[in-house]
Amino acid sequence: MSAEKNAPPVNDNPGNFVEDLVRADVEANVQQGRVATRFPPEPNGYLHIGHAKSICLNFGLAETFGGTCNLRFDDTNPEKEDVEYVEAIKDDVKWLGFSWAGEVRFASDYFEQLYQFAEKMIEAGDAYVDSQTADEIKENRGDFYKVGKNSPFRDRSPAENLALFREMRAGAHPDGSHVLRAKVDMASTDLKLRDPLMYRIRRVHHHRTKDAWCIYPLYDWAHGQSDHIEKITHSICSLEFINHRPLYELFLEKIGAGPDTARPKQIEFAKLVLTYTVMSKRRLKELVDKNVVTGWDDPRMPTLAGQRRRGVTPAALRALCERVGVATKDSIVDVLLYENAIRDDLNATSPRFMGVVRPLKVTIVNFPEGETLEIDAPYEAPKQGEAGAGAEAEPVPTRKVPLTREIWIEREDFMEVAPKKFFRLTPGQEVRLRYACIVKCVGVNKDAAGEVTEVLCEWDPQSKGGNPADGRKIKGTIHWVSQKHAVDAEVRLYDRLYTVENPMGEKDKTFLDFVNPTSLEVVTAKLEPALADKGEGFRMQLERVGYFCKDRDSTSERPVWNRTIGLKDSWTKEKGA
RNA sequence: UCGGGAAUCGUCUAAUGGCAGGACAACGGAUUCUGAUUCCGUUUAUCUAGGUUCGAAUCCUAGUUCCCGAACCA
């Protein structure tokens with residue numbers, strides 16, 4: 001008992017320092033204890049696994065504290081943005097299982113208000129129109145070791161600045177001729193504070209505001225102010241934005257957002273990076289544009305659309321984000337953690353079926369020709385710790401599996417010359433056909449090249465259902481499909497897209513140099529007939545093979561299944577050793 | 001040569017001056033009509049050097065390493 005009293009607090013949960021900070025604010029009644037977050041993607045590409053972490057964090061916080069989370073598109077750079085992405089992103093967030101508060105927001109909804117804020121800045125002498133060229137601005141900004149030089153236009157009067165800024169808005173000046181800058185400090189050691197740009201002139205069609213504007217705000221001017229307009233309490237972003245925080249706060253100060261206890265608070269966390277994965281939108285676009293993959297939703301892509309098509313569940317993605325934790329240290333998560341989260345969820349939820357991916361003919365020579373044995377086989381995911389069959393405490397749902405004289409088995413389940421501990425088919429050895437019976441290999445047929453083309457077996461008719469009458473131990477169980485009933489299907493066997501942990505980590509090479517040449521292998525598989533009528537998106541486990549999801553490329557003549565992920569395999573490892 | 005961040009098992013992450021814990025991975029074993037699942041067990045960590053303290057991952061000093069920052073991108 002005394003030991004219990006002295007026991008240190010135990011916390012087996014992964015850390016989430018953001019949640020701790022928010023909780024502290026709620027308990028201190030900051031912002032009346034209100035929690036309002038936002039997920040602010042730029043609609044210039046598809047969401048990926050990294051975004052999932054931010055989505056889970058922001059929406060999760062809102063759920064945890066009974067607050068709200070907005071979906072806000074940060075659409076301030078029309079050159080790269082498109083409605084295609086807006087729709088895809090909305091779908092992805094919904095698919096992940098989250099709902100945003102009210103309508104979808106757009107930074108572009110705030111362009112007028114942002115503009116008014118900017119006029120206030122000008123009137124207060126806190127912003128000016130700079131008419132230097134882009135090169136001059138860059139030159140005069142200085143660098144890490146050299147302070148900047150004031151622009152010759154820095155001392156224009158508020159009245160002149162206001163007139164010029166209004167002309168900029170009205171389209172009186174060509175692109176690039178002027179910018180609006182905040183007047184801060186060209187000598188600051190923080191380069192971000194050397195008179196940051198607020199507006200540029202760009203005659204570009206915007207996907208929402210069309211041609212209403214020819215000046216567009218830059219990130220630093222748009223983001224914090226949008227947070228303020230939406231009354232966001234906690235503005236969560238990734239680590240690289242920590243350099244922007246002083247500016248974030250300065251702008252809120254200048255627009256009169258109130259005391260810092262009443263303003264949005266920027267908090268930075270480490271984004272999710274996975275081994276064997278390249279997440280940046282630019283590279284993802286490159287894979288698409290160079291046809292390395294078939295599109296943004298290619299099942300090898302780390303995009304949410306790709307992962308969804310591959311068969312990954314939203315629950316698996318959420319589990320990954322939960323397990324990874326939230327911290328301020330740059331980290332690279334082993335992709336195995338993700339694969340484990342996928343298997344974990346799929347194992348618990350996938351019905352079981354049989355299918356042969358690389359078929360090899362087997363003839364059961366003493367099985368009556370033309371006869372079919374119908375077997376009732378359970379297909380539900382086994383309960384935790386239970387075996388797939390046998391342990392029928394209560395009736396379990398089953399499907400009919402036909403057994404005939406000619407069947408397909410997996411090519412790798414037969415070896416003419418087998419190593420020790422090979423518990424599958426090999427001459428003279430007995431093996432169980434899952435759910436069906438015991439067979440023994442009595443011979444093989446080969447082609448001219450010496451390749452085994454057919455395996456001959458005898459079955460034990462006393463073992464119908466899978467267990468021998470005399471109770472003898474059968475070590476191996478293999479899957480099979482009746483040839484006569486088999487459904488041909490295109491199966492896409494996906495593997496990691498890269499051959500190395502960090503495809504970006506090599507000098508003199510690009511990530512494209514490390515694309516796995518066998519990241520996709522297409523085979524014609526033989527599936528059991530019960531799978532014939534499954535619809536697009538149906539997920540299942542092919543026993544002993546892996547988890548699969550029916551692809552939208554399926555036609556009535558040719559079903560297509562994607563391998564989401566294989567089963568863990570301790571056999572190939574042993575074999576290799 | 002500047003400014004800002006961060007350093008705990010192989011990986012991610014706890015412990016906020018008091019037993020360095022968990023997950024994944026690895027390894028061993030048990031169970032199994034999936035070589036899966038499940039169960040049990042084992043190995044492995046506080047960046048370095050000083051200091052404060054009865055006691056330091058935690059506080060102090062110095063150093064080292066890594067990341068971010070010089071777009072009219074976000």
Side-chain angles (χ1 to χ4, degrees), chain A residues 3 6-16 40-42 44 74 76-77 79-80 130 133-134 137-138 141-148 175-176 178-179 181 188-192 194 197-202 216 218-220 222-223 237 239-246 268 270 275 281 323-341 343-344 347-348 352 354 381-391 421-424 432-436 465-467 474-479 541-546 566-575:
Chain A
N6 294 332
V10 176
N11 180 6
D12 288 346
N13 294 327
N16 185 338
E42 182 186 11
N44 66 346
D74 230 341
T76 57
N77 184 9
E79 276 168 283
K80 290 194 281 178
D130 193 355
T133 64
I137 288 175
K138 183 179 162 66
R141 182 150 36 221
D143 59 31
F144 295 152
Y145 316 111
K146 201 173 70 199
V147 299
D175 288 10
H178 309 279
V179 292
R181 302 180 76 172
S188 173
T189 53
D190 179 352
L191 293 251
K192 280 268 170 307
R194 318 245 260 230
L197 275 60
M198 297 166 66
Y199 279 94
R200 76 287 220 186
I201 306 174
R202 278 285 175 286
Y216 291 97
L218 280 108
Y219 170 84
D220 287 299
H223 199 89
C237 60
L239 247 28
E240 68 261 34
F241 288 96
I242 198 161
N243 292 321
H244 297 245
R245 192 158 72 193
E268 309 84 13
T275 57
K281 281 195 254 186
R323 291 181 202 183
V324 151
V326 182
T328 54
K329 178 177 76 163
D330 291 304
S331 57
I332 303 172
V333 173
D334 194 329
V335 76
L336 287 169
L337 197 65
Y338 181 42
E339 296 178 349
N340 176 268
R343 286 198 186 95
D344 213 32
N347 175 53
R352 269 53 170 176
M354 289 198 288
K383 301 265 187 313
Q384 295 288 344
E386 267 178 33
K421 290 166 80 178
F422 182 77
F423 306 131
R424 310 179 189 182
R432 173 167 29 236
L433 297 182
R434 175 124 223 204
Y435 304 122
N467 285 313
I474 304 297
K475 184 70 184 167
T477 300
I478 64 174
H479 57 280
Q541 182 197 100
L542 247 26
E543 295 202 62
R544 304 210 313 129
V545 179
L567 258 29
K568 235 201 272 177
D569 179 9
S570 53
W571 164 246
T572 44
K573 207 182 310 180
E574 170 148 351
K575 210 171 42 174

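Proteins come first, then strands; the chains are lettered A, B, ... in the order of their sequence lines, and each starts at number 1. Because only heavy atoms are used, hydrogens play no part in the values below, and waters and symmetry mates are left out as well, while side chains stay in.
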Steps toward side-chain contact (heavy atoms from CB on, under 4.5 Å) verdict (A/Glu42, A/Tyr219): CA-CA 10 Å; A/Glu42 182 186 11; A/Tyr219 170 84; over 6 Å; no
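- A donor-acceptor contact shorter than 3.5 Å is absent between the side chain of A/Thr477 and the backbone of A/Arg432.
- No engagement by A/Arg194 is indicated, since no non-hydrogen atom pair under 4.0 Å with the nucleic acid exists.
- Across all strands shown, A/Leu197 has heavy atoms under 4.0 Å from base atoms, whether or not it also approaches the sugar-phosphate.
- Residue contacts shown for A/Leu336 are limited to sugar-phosphate atoms, with no base heavy atom under 4.0 Å away.
- A donor-acceptor pair is defined here as one N or O able to donate and one able to accept, closer than 3.5 Å; no such pair exists between the side chain of A/Arg434 and the backbone of A/Gly466.
- Contact annotation for A/Thr76: backbone-only contact, meaning every heavy-atom pair under 4.0 Å involves sugar-phosphate atoms and none involves a base.
- Side chain of A/Arg544 to backbone of A/Met354: no donor-acceptor contact under 3.5 angstrom is found.
- A/His244 comes within contact range of at least one nucleobase, with a heavy-atom separation under 4.0 Å.
- Contact annotation: side chain of A/Asp334 to base of B/rC24, donor-acceptor pair absent below 3.5 Å.
- Distance from the side chain of A/Asp74 is smallest to B/rA74 among B/rA74, B/rG35, B/rA70.
- Using a 4.0 Å heavy-atom criterion, one finds that A/Lys421 contacts the bases of the nucleic acid, with or without backbone contacts as well.
- Residue A/Asn77 is in sugar-phosphate contact alone, with no base atom involved, counting any heavy-atom pair closer than 4.0 Å across all strands shown.
- The residue A/Asn16 sits close only to the backbone: its heavy atoms come under 4.0 Å of sugar-phosphate atoms, none of a base.
- Nucleic acid contact class of A/Arg424 (heavy atoms, under 4.0 Å, all strands): base.
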